[in-house]
**Q** 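Sharing a structure with you now.
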Amino acid sequence: MESFRQAFELLFPPDKELLQIIGVTLKMSFFSTLISCLIGLPLGSLIGSQSFRGKSFIKKLIHTLMGLPPVVAGLVVYSLFTHYGPLGRLNMLFTVRVMVVAQVMLITPVVIGLTSSFIESASKPVIETARGLGFSGLKTARLCIGEGRSSLFSVVLNAFGRSIAEVGAVSIVGGNIQWKTRVMTTAIMLETNKGKFSFAIALGIILLLIAFIVNALASFTVRENADG
Amino acid sequence: MVEIKSLKKCYGDRTVLDIPELVFENGTVTALAGANGSGKTTLLRILAGIIKKTEGSVKTPASVLYLPQQCYAFRGNLIKNITLSGADEKEASVLLRKLGLDNLASKKAKSLSGGELQRLALCRILSKKCELLLLDEPTSACDARGAQLVTEAINDYKEKYGCTVIMSTHSPALAVNSAQRLIVLGSGRIEADGAPSDILSSPESQWAKSFTSGWKI
């Protein structure tokens, strides 16, 4: 109950730092989900709808990357963007932008894998009908996305959920810097390490609330468009 | 012209289609008959490029259209389902009228019955021009009136574009009223090949006889 009271106190009136942390969390999750989906949805649709040499290997590779440990992704991105790394001159380490890069590396394989699995199984009749009508691969992929948009929306939500809940990669590349790169998860980790359990739990409750609101809004949108 | 040479389709050790040679002349209508699993759909799907052959060669024209057995309704109303193929709304309305669906034009396609959906899928296919039209049991879900409309629509399309038509069917009426040639398949092999009336009156093999004996015209 103490945690709930503290969460309430943090929100009403809103704590300035908390609002900044929520803002950074949403910004990072939104852009990483957006970029991952822009790459992953078309690629997953093409892989799922086309037959080509090496498809089996690509699918195995994607499935392996779907289980990529966040700290490994964080380490790879850190190595790339560190001062002496190949992309060090971009000066992006410990910024929200590099946190987005790490998140994209983690989430894109998930989006590709889930999308291609969905297209392969649920979209078989769509693909056969489209091919029967002589549609191009691109038009077939577009149709599959349009027809299965409710299912694909859950892929997007899954990506967003993974992004907002991720802690390992963002703490390595973001550095958990106050007023700059601190997000909900890294803040929870920090407060727990400091022994401020009530505050950490309060942050956890707020994080859950955000996830719930986003899911509810998304479900509502999908239901509105569900009937063909 | 459609030319098939030494065509084989295998799934593991099982050969589901084995056709040494088969030619479909331009502008002809051929009906494929045979029991379930005889290879009709496999042959059509290979010709349509949906699945790959295991062995042999298949030569088809550049533009091929294929109507699958399991018809699919895209989101939106019937008109939208047809215009998706490139036809304009006027052409779509004409086709819907021809297949007896004009009163359902603004209805959601996903709410159609099986027979209505099959006729809609045919409208969608017939809205495009092609050199080879492949139809997999185009009247399987239709009632007598629906089947008659489908038969007329196929005949009109063939008349208009002069394309080659190959269709699988269990309907003797469709085979006799539309096709000049009937090929009976059994276990992936050609059991009988000739004019529908000849095969139905005097089947070339015992198997074809047993299969077509139930067909009454």
**Q** If I measure from the heavy atoms of chain A, does B:Arg45 come under 4.5 Å with its side chain, its backbone, both, or neither?
**A**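 Looking at B:Arg45, just its side chain touches chain A.
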**Q** What's the separation between atom CG in A:Leu133 and atom SG in B:Cys130, rounded to the nearest 0.5 Å?
**A**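 Between A:Leu133 CG and B:Cys130 SG, I get 10.5 Å after rounding to 0.5 Å.
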**Q** What residues of residues 124-132 of chain A sit under 4.5 Å from chain B when only non-hydrogen atoms are counted?
**A**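 Heavy-atom contacts from residues 124-132 of chain A to chain B are A:Pro125, A:Val126, A:Glu128, A:Thr129, A:Arg131, A:Gly132.
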**Q** Identify which part of B:Ala73 has an atom lying under 4.5 Å from any heavy atom of chain A, answering side chain, backbone, both or neither.
**A** backbone
**Q** Taking CD in B:Glu152 as the centre, count heavy atoms belonging to other residues, nucleotides or ligands within less than 6.0 Å. Is the count above 12?
**A**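 More than 12 heavy atoms, drawn from other residues, nucleotides or ligands, come within 6.0 Å of this atom.
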**Q** Which region of B:Leu67, side chain (C-beta onward) or backbone (N, CA, C, O), has a non-hydrogen atom less than 4.5 Å from a non-hydrogen atom of chain A, or is it both or neither?
**A**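 Neither; nothing under 4.5 Å.
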**Q** Does a sphere of radius 6.0 Å around CD in B:Gln180 hold more than 12 heavy atoms from other residues, nucleotides or ligands, not counting ones at 6.0 Å or beyond?
**A**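 Atom CD in B:Gln180 is packed in, count exceeds 12.
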**Q** Any chance CZ of A:Phe212 has more than 12 other-residue heavy atoms, nucleotides or ligands included, within less than 6.0 Å?
**A** no
**Q** How far does OH of B:Tyr72 sit from CG of A:Leu143, to the nearest 0.5 angstrom?
**A**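 If we round to the nearest 0.5 Å, B:Tyr72:OH and A:Leu143:CG are 8.5 Å apart.
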**Q** Of all heavy-atom pairs between A:Glu147 and B:Arg75, which one has the smallest distance, and what is that distance?
**A**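 Looking at all heavy atoms of both residues, the shortest contact is OE2-N, 2.9 Å.
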**Q** Crowded around A:Lys139 NZ? As in, over 12 foreign heavy atoms under 6.0 Å?
**A** yes
**Q** More than 12 foreign heavy atoms under 6.0 Å from OH of B:Tyr161: is that the case here?
**A**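 Enclosed: over 12 neighbouring heavy atoms sit under 6.0 Å from OH of B:Tyr161.
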**Q** Determine whether more than 12 heavy atoms belonging to other residues, nucleotides or ligands lie under 6.0 Å from atom NZ of B:Lys128.
**A**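 Yes, because the 6.0 Å sphere around NZ of B:Lys128 holds more than 12 heavy atoms from other groups.
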**Q** Under 6.0 Å from the NZ atom of A:Lys55, do we count more than 12 heavy atoms belonging to anything else shown?
**A**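 Result for NZ/A:Lys55: enclosed.
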**Q** Does any heavy atom of chain A fall under 4.5 Å from the side chain of B:Leu84, the backbone, both, or neither of them?
**A** both
**Q** Could you tell me which of B:Ser85, B:Ser63, B:Ala121, B:Cys71 has the largest number of non-hydrogen atom pairs under 4.5 Å with chain A?
**A**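 Most heavy-atom pairs under 4.5 Å with chain A: B:Ser85.
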